[in-house]
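The basis for the numbers below is simple: all heavy atoms, side chains too, and nothing from hydrogens, waters or symmetry mates. Everything numeric in this text was worked out from a predicted model, so none of it was measured. Letters A, B, ... are given to chains in the order of the sequence lines, protein chains preceding strands, and every chain is numbered from 1.
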Amino acid sequence: MAKIVVVTSGKGGVGKTTTASSFATGLAKRGHKTAVIDFDVGLRNLDLIMGCERRVVFDFVNVISGEANLKQALIRDKRVENLYILAASQTRDKDALDEEGVERVLNEMAKDFEYIVCDSPAGIEKGALMAMRFADEALVVTNPEVSSVRDSDRVLGMLGSKTKKAESGGSVKEHLVVTRYAPSRVGKGEMLSLQDVGEILAIPLLGVVPESEAVLNSSNSGMPVILEEHSNAGLAYEDLVARFLGEERPLRFVDAKRGLFGRLLGRH
Amino acid sequence: MMTLSVLEVNSPDLEEVSAEVSRQIERSPGFFENMPLLLHTRAAEIDLPALVAFLRTRGLVPLGLVAPSPEQEQAAVAAGLGVLKDARNMRPENQPDGDDAGETDTEAAAPAGGAEEAPPPGSGTKLVDKPVRSGQQVYARGGDLIVTAPVSEGAEVIADGHVHIYGALRGRAIAGARGDSKARIFCRKFEADLVAVAGCYKVADDIDPSVRGKPVRISLDGESLIIDVQE
């Protein structure tokens, strides 16, 4: 039975899709059969970041409505074995995500995969609700700034009340992922520190991804940043996946001096 | 004197009203459970028995109709409601965001004739041991509220009695929600958006910055809120 992990945040543009793509790729690289689903129906992006936009024939909504079967819609990643992508429909809207349909598709996928990563749209409406509805665990992606933290807080409330797990008396296991972290700016007081974010959200920290040009570059070239093995962001996602799978890894790239040192060594 | 909520019905369209009421209830599940309620409407043609039946299915307890027209009065009696002719205390301008049917707290005398006498006794103290997140609302009806985790910015914790927060208070805390002026708010780390006791409130801007981040006790002295640092 697969574990369903939602990547969510409330606020847009904080790095959900970047995180979902790298997280799924990282799990697959470690030999776990993984599928990543784009729930952002109407604003499909995941396929671009995964670099498979030219191979999308059928999408998630087609499978929900029975116009295609899963086998036809799942796109196999060309670089990493065990990794599959289910794209969102660009021509439909979130109303196409009916709960029974989503549940049916997830149940069918659960037979075949170890991990199903659900890339949530921004907001707290239907798309985001459906992405988290059947989750076992959640990666809550936050930027170190007040509005992002407040939105994440709201989403944490929803994870605790609107998911199947919560309704049946259980709870979704929550992990905090802080992205676009710039230690030098924290030092100047322009950004919230990890400690501030952790104190407000009060959930365990899974990983910190530093602000990095590599993220933009790799998104543009359709490659999950975790595959950029020489970038800080890529390494941070490696660590994050390792921690998720139970390994102990110290936090990196959270201290200003080290960031500078890293730059001197030619890392970006 | 006791505080009762009044449902303002401004639309004769039962479906619209039902939808709005359902929306309000879903926004804060639990808060409206078994809540006694007065009705007030200017929409003369509304189907009162159907509205009352609907409200009961949603767990509300309609008690009476405030300031009805003569026709409405008959309909109210027929629907098993009491009638309150005196509406001096009505404050419809307090309605939130121009909703079609909003909740507005108002002081009203106990409903007359045939209706239930008093709100049901409270369920007592409520304990919350998980963080209260932005957008969530917790209400301890008829008792104290104890929260052993932080209350986030944009969250609301309410009690008819005292509010105790063994964590940071960053959202809103309301004690003595039904008018108990002896109710108090306690918290370990005070960073609230708003605090209120028995209807007297202070927003963050009006609060002395020197108490921020400190453990405090908040009580009501006459008409003003006193915030004492407890170190």
Toward chain A, the part of B/E153 with a non-hydrogen atom under 4.5 Å: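 Both parts, backbone and side chain.
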With a cut-off of 6.0 Å (strictly less than), are more than 12 heavy atoms of other residues, nucleotides or ligands near [atom1] of [X]?
X      : atom1 : value
B/K202 : NZ    : yes
B/K214 : NZ    : yes
A/K164 : NZ    : yes
B/E15  : CD    : no
A/R243 : CZ    : yes

With chain B, which of A/D151, A/V155, A/L201 has the greatest number of heavy-atom pairs at distances under 4.5 Å?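 Top count of heavy-atom pairs under 4.5 Å with chain B: A/L201.
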As an exercise, state the distance from NZ of B/K130 to CG of A/L156, rounded to the nearest 0.5 Å. 11.5 Å
For B/S134 and A/R150, the nearest pair of non-hydrogen atoms, with its separation, is OG-CG, 3.7 Å
Of all the heavy-atom pairs spanning A/I200 and B/R133, show the shortest one and how long it is. O-NH1, 4.0 Å
